[in-house]
Structures are given as C-alpha cells and as structure tokens.
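Read through the structure below, which is laid out as structure tokens, and then see the notes.
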Amino acid sequence: MEPAEKKPPAVSDLGAWGMNVVSSVGLIMANKQLMSSAGYAFSFATTLTGFHFTVTALVGWISKATGYSASKHVPLWELVWFSLVANASITGMNLSLMLNSVGFYQISKLSMIPVVCMMEWVLNSKHYTTKVISAVVVVAAGVGICTVTDVEVNAKGFICACVAVFCTSLQQITIGSFQKKYNIGSFELLSKTAPIQAVSLIILGPFVDYYLNGRWLLNYSFSTGATFFILLSCSLAVFCNMSQYLCIGRFSATSFQVLGHMKTVCVLILGWVLFDSALTIKNILGMLLAIMGMVVYSWAMESEKKATSAIPRNKSDMLDGEDVPLKSRTSGIPLSSELDDLEEGPMKS
C-alpha cells in the first residue's frame, strides 16, 4: 500500500507572494485616487473595508455554491472572535492614522514585526536564529529610513496605535493557527470570516467614519468615476485578502510582515512615477537597505528550513531498508511513516 500522492498547490509560493504584492499595491493606488481630495474625496475608509468584505463574501458564496471550494466546520464563536479582532485592527489603524503623525503611524506599523515575533514565541514556542533576527532589524531600519519623517504622538493616538498593532499581529497569527487546527484551506477560511466582518463593518463603519471625518456616507455624491474606483477597489481587495490568507497559511505571520514591506517600497516608487511624490536620496538608501534585508531574511529562512529538514524527526525516518523487519516489507502492511502520510492526506492551501 503506497502513500497517497500529494497534489501540487494551485498557486506556487512565488505566485502567492506576487499576487499579494500586486493586489496590495494596486489597492493602495486605487484607494489613493478614490479617497484623496485631488481624486474623488471618498473619505469613508472603514465603510469601504466593509464593501471589500461584502464582495469577498459574495465570491466565497459563489465558489461554495458551484462546488469549487469545500466547507469545513469551524466553531461560530471562534469566527466571531476572530472577526472582532480583525475589525479592531482596521478601526485602530484608521484612528491611529487620524490621531498621530504619519511618522509615528509608520513606526507603529514597523513595530508589528517584533510584536509578531514575540507573540509567535509565546503562543507557538517558535524560536528565531541570529541571522533571522538580524535580517528583521535591517528590514525595519530600511523601511523606517525611507518612510518615517515627523514623529508626533499623543495619549489617545498612542493607545489606538497599541490596539491596532496588537490586534493586527494577533489576527495574522490566528489565520495560520486556524488553518492548521481545522485543516482548512486559506480561501475556505476567508469565506467563513468575510460575511461576519462585512455585516459588522457595514453597520458600524458609517459611525466610525463620521467620528473620523465628520461626514455621513449618505451625503456623499456618487459619481461614475467614484463608483468605478469603488468597484475596482473591491475587486483588488478580494485578491489581496485571498493572498494574505494564502501566504500566512504557507509561511508565517513574521515572514508575511517582513517580505510584505516590499509593498512599501513598491508604493513609494509608484507614488513617485504616477503621483509626482518626492523621492530623495534618503528614500532610495532606505529602500535599498530594506531590499537587502529581505534578501538576507529569505536566505536565512531557507538555510533554517534546510537545517531542520536534515534532522530526522523520529525513528521511522532513520530506518533504512535493511533495518525494517521482513514481515513489514512483505506483508503489505504500511509502515508507521506511511500511515502518517495517509492520515494527513494532501495538504491544502
């Protein structure tokens, strides 16, 4: 009896990262045109996120109805808990940006890397090598150099930033934990959480946005151009959400944070190309340092992975053909390692 053959993933690791970077950068550019005063002045960020999850939930429902994706059981209370954490992350980020300077907002985003590392160590007993830690420091320093300018903070803004960082880090770690705990694919998990987030953000979003900018959504004049960019933003958000769950499920929340800063570099470059944003020597040096850190991080993680795979996990891994009892070889009874493969079945992302 031979182990079940594992199916290759529908999207490669590089494809998952590429989808996340392209969709995220495209989403930022679309939202900048939609929300800026020079564009369509649609300043309802929390409600727009509710629109994003509504379209994502619709795509998930269509996928399930057509049989493209299977549904696995996840307790409702865990889905509700996760959605509350995710919504607190979104609201906290918006409030942090409003109450703090852009410089402190960027610093708070950079602080997610050490927070995620600490939480993975506490919750998942994950340890990091010196090479990985050094690479993380280099990435954070590079992004900090090219994004942090003025730094102003107040008590309310600091609290909102702390809530945003904690909830975002916890949300990203929980995505990976849920996929392993319930053996559920990334898109299936997203399809279960998106409806809850959509309903809550559509209901609460207009009130949060009114507190942020003093404007009601019902008073906004929807033009053809604004409607087009809202639909474009929602479409890109579907791919952004899917690729986020996919990347965290395959790698880790820390890797997602570190390599995700490539999006910051891309946004700075595209802002310079498309919107005539200033690009100084300081920005360029910071971006080069960040890219170098990402390369070192990728190399360090690959080295760690090879070192881990070279260590036998149990006795059955160390058995060669001569050490296996003859009865096990001739009777057709699968070995313990083969049984493990059969029980796990093909891995889904």
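Between the CD1 atom in Ile230 and the CG atom in Leu34 there is a gap of 5.5 Å [rounded to 0.5 Å]. The OG atom of Ser63 sits 11.0 Å away from atom CG of Leu58, with the distance rounded to the nearest 0.5 Å. Atoms CG and NZ, on Leu76 and Lys192 in that order, are 10.0 Å from each other to the nearest 0.5 Å. The distance from the CE atom of Met119 to the SG atom of Cys117 is 11.5 Å, given to the nearest 0.5 Å. Taking CG from Leu232 and CG from Leu236, the interatomic distance works out to 4.5 Å, rounded to the nearest 0.5 Å. Here the CE atom belonging to Met19 is positioned 11.0 Å from the OG atom belonging to Ser24, to the nearest 0.5 angstrom.
For Leu201 against Gly50, the heavy-atom pair with the smallest separation is CB-CA, 3.6 Å. Of all heavy-atom pairs spanning Pro195 and Ser191, the tightest one is CD-O, 3.0 Å. When every heavy atom of Cys240 is checked against every heavy atom of Ser23, the shortest pair comes out as CA-OG, 3.3 Å. Considering every non-hydrogen atom in both Ala41 and Arg215, the closest pair reads O-NH1, 3.2 Å. Of all non-hydrogen atoms in Gln171 and Ala86, the two that sit nearest each other are NE2-CB, 3.8 Å.
One hydrophobic cluster holds both Leu217 and Ile202 under the rule that ILVMFWY side chains link at heavy-atom gaps under 4.5 Å. Linking Ile, Leu, Val, Met, Phe, Trp and Tyr whenever their side-chain heavy atoms come within less than 4.5 Å puts Val80 and Ile184 in one cluster. Hydrophobic clustering, with ILVMFWY side chains joined whenever heavy atoms are under 4.5 angstrom apart, keeps Val85 apart from Val163. The cluster map of Ile, Leu, Val, Met, Phe, Trp and Tyr, joined by side-chain heavy atoms under 4.5 Å apart, puts Phe228 and Met35 in the same cluster. When the side chains of ILVMFWY residues are joined at heavy-atom separations under 4.5 Å, either directly or via intervening members, Ile173 and Leu190 end up in a single hydrophobic cluster.
Residue pairs that meet the side-chain hydrogen bond (donor to acceptor under 3.5 Å, both in side chains) test with at least one member in residues 231-246, sequence neighbours left out, are Asn20-Ser243, Asn31-Ser233, His52-Ser233, Thr56-Asn241, Thr193-Tyr245.
The neighbour count for Tyr220 OH, taken as heavy atoms of other residues, nucleotides or ligands under 6.0 Å away, is above 12.
For Tyr210, the ring-ring contact (aromatic ring centres under 6.0 Å, His included) partners are Trp216, not counting sequence neighbours. With sequence neighbours left out, Leu95 forms a side-chain contact (heavy atoms from CB on, under 4.5 Å) with Thr91, Met98, Cys160, Tyr211, Leu212. Checked against ring-ring contact (aromatic ring centres under 6.0 Å, His included), Tyr40 has the following partners two or more places apart in sequence or in another chain: Phe229. In this structure, Leu218 has no side-chain contact (heavy atoms from CB on, under 4.5 Å) partners at least two apart in sequence or on a different chain. Phe51 is linked by a ring-ring contact (aromatic ring centres under 6.0 Å, His included) to nothing, counting only residues two or more places apart in sequence or in another chain.
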| query | When you look at Phe53 and Ile90, which way does the side chain to side chain contact (heavy atoms under 4.5 Å, CB included) test go after all the steps? | reply | CA-CA 12 Å; Phe53 281 107; Ile90 295 166; 4.0 Å; yes
| task | In sequence, state the C-alpha distance, the side-chain angles, and the governing distance for Val22 and Phe239, and then conclude on side chain to side chain contact (heavy atoms under 4.5 Å, CB included). | result | CA-CA 9 Å; Val22 171; Phe239 291 99; over 6 Å; no
| said: For a side chain to side chain contact (heavy atoms under 4.5 Å, CB included) check, start with the C-alpha distance between Lys64 and Trp61, then their side-chain angles and the critical distance, and finish with the verdict. | reply: CA-CA 5 Å; Lys64 182 181 176 182; Trp61 179 81; 5.8 Å; no
| request: List the steps, then state whether side chain to side chain contact (heavy atoms under 4.5 Å, CB included) holds for Cys162 with Phe158. | output: CA-CA 6 Å; Cys162 290; Phe158 180 77; 3.6 Å; yes
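Under the 30°/60° scheme for interplanar angles, the aromatic rings of Phe178 and Trp81 are found to be tilted.
Without hydrogens or angle criteria, Thr168 side chain to Val165 main chain gives no donor-acceptor distance under 3.5 Å. Using a distance-only test at 3.5 Å, with no hydrogens or angles considered, no donor-acceptor pair links the side chain of Asn94 to the main chain of Ala45. Without hydrogens or angle criteria, Ser96 side chain to Gly92 main chain gives no donor-acceptor distance under 3.5 Å. Put simply, the side chain of Ser200 gets close to the backbone of Gln197: a donor and an acceptor are under 3.5 Å apart.
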